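Take a look at the structure set out below.
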Amino acid sequence: MNPEIKLMHNVWDGLVTVKRSQTDLPALDFDELISSVFTAGPFYFYIIDFFDMSISNISSGFREAHGIDPSEVKNINDILALVHPDDMPFVAKAEEKVFAYIYNSLGVDKITRYKESYNFRFKTPDGSYQMYNHQSVILTVDEKGNFIKSLNIHTNISHITKKNNHKCSLIGLAGEPSYLNLEVFEGESKKTPVSESAFSRREIGIIKLLAHGKSTKDIATELSISEDTVKTHRKNILAKADCKNVAELIARSMSEG
């Protein structure tokens with residue numbers, strides 16, 4: 001195991017106080033789960049089992065992203081090996097920070113009610129590296145409070161940004177507050193709680209359409225509303241997000257999950 005991958009295992013192992021126990025995967029509606037995840041580019045997903053570090057339910061998009069047949073991916077090390085070596089210390093530190101904050105500040109009972117998000121570079125089929133956004137949700141915990149199974153989603157965001165902000169975010173689910181743009185390397189982060197109701201369901205829908213390159217006219221047609229209504233929504237969204245334009249909005253939406 002190379003030192004970069006070992007670094008990740010050290011972080012995950014360090015979060016276990018008592019040996020992990022196996023858990024069953026609950027019945028999942030992947031279409032529903034993925035539709036609730038913000039994506040703005042080609043993406044794929046998989047489930048990691050921290051009990052034995054195995055990978056399952058990997059989607060077909062993995063082949064397009066990395067040029068590797070999904071059937072060849074058996075262990076998390078197969079995926080970690082594709083992360084840019086220079087980014088591994090950041091990824092390890094981001095994982096450590098996210099889980100430490102959940103365990104120490106939010107409580108282990110909240111672990112399945114948060115989605116983590118941060119960015120790093122992944123290897124692509126031509127051997128180059130492109131910026132990806134990582135999002136993950138813990139699906140199961142054992143009776144000792146150890147996280148066991150996690151749904152991971154990786155989205156190519158190189159068309160949005162090629163620069164890593166070296167921050168991580170915890171996005172609250174089911175009404176929990178979010179903690180955005182936590183500094184990974186610099187001391188104590190400024191934790192900014194954001195209400196899940198910051199954007200309305202309609203506004204979230206419009207943000208997703210904007211992320212996929214839809215114009216005001218396209219959005220109006222798709223949602224069966226007037227172009228003036230869409231313009232009003234766009235103005236309100238930018239104001240709430242404190243963004244100057246749509247490009248900045250999408251980049252921030254991806255970095256904050």
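Computation of the quantities below employed the complete heavy-atom set of this structure, encompassing side-chain atoms and omitting hydrogens, waters and symmetry-equivalent molecules. One is the number of the first residue; the rest follow in order along the sequence. Everything quoted here is computed from the prediction, not taken from an experiment.
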Mutual orientation of the aromatic rings belonging to Y46 and Y44 [parallel < 30°, tilted 30-60°, perpendicular > 60°]: parallel
All salt bridge (Lys or Arg N to Asp or Glu O under 4.0 Å) counterparts of E64, not counting sequence neighbours: none
Note, N133 side chain near S117 side chain (heavy atom, < 4.5 Å): yes
Candidate pair Y179 and Y101, rule ring pair (Phe, Tyr, Trp, His ring centres under 6.0 Å), full reasoning: CA-CA 10 Å; Y179 300 87; Y101 191 66; 5.3 Å; yes
Any donor-acceptor pair under 3.5 Å from H166 side chain to E183 backbone: no
Close side-chain approach of V83 to F122, heavy-atom, < 4.5 Å: yes
ILVMFWY clustering at 4.5 Å (side-chain atoms), partners of F51: I148
Summary of salt bridge (Lys or Arg N to Asp or Glu O under 4.0 Å) pairs that have at least one residue in residues 125-136, sequence neighbours excluded: none
Contacts of type salt bridge (Lys or Arg N to Asp or Glu O under 4.0 Å), residue R20, not counting sequence neighbours: none
Salt bridge (Lys or Arg N to Asp or Glu O under 4.0 Å) contacts touching residues 143-156 (sequence neighbours left out): D49-K149
Partners meeting ring pair (Phe, Tyr, Trp, His ring centres under 6.0 Å) with Y114 (sequence neighbours left out): none
Partner set under salt bridge (Lys or Arg N to Asp or Glu O under 4.0 Å) for R234, not counting sequence neighbours: none
Ring centres under 6.0 angstrom apart (F50, F147): yes
Min side-chain heavy-atom separation L82-I68 under 4.5 Å: yes
Side-chain heavy atoms of N57 within contact of L25, under 4.5 Å: yes
Partner set under salt bridge (Lys or Arg N to Asp or Glu O under 4.0 Å) for D142, not counting sequence neighbours: none
Donor-acceptor pair, side chain of S169 and main chain of N181, under 3.5 angstrom: yes
Minimum side-chain heavy-atom gap V141-V108 below 4.5 Å: no
H134: partners by ring pair (Phe, Tyr, Trp, His ring centres under 6.0 Å), with sequence neighbours left out: Y118, H154
Within 6.0 Å of CG in D24, more than 12 heavy atoms from elsewhere: no
S59: side chain to side chain donor-acceptor pair (under 3.5 Å) partners, not counting sequence neighbours: none
Side-chain heavy-atom pair L209, L223 within 4.5 angstrom cut-off: yes
Pairwise salt bridge (Lys or Arg N to Asp or Glu O under 4.0 Å) hits with a residue in residues 72-88, at least two apart: D87-R121
Set of residues satisfying side-chain contact (heavy atoms from CB on, under 4.5 Å) with respect to N245, sequence neighbours excluded: A247, E248
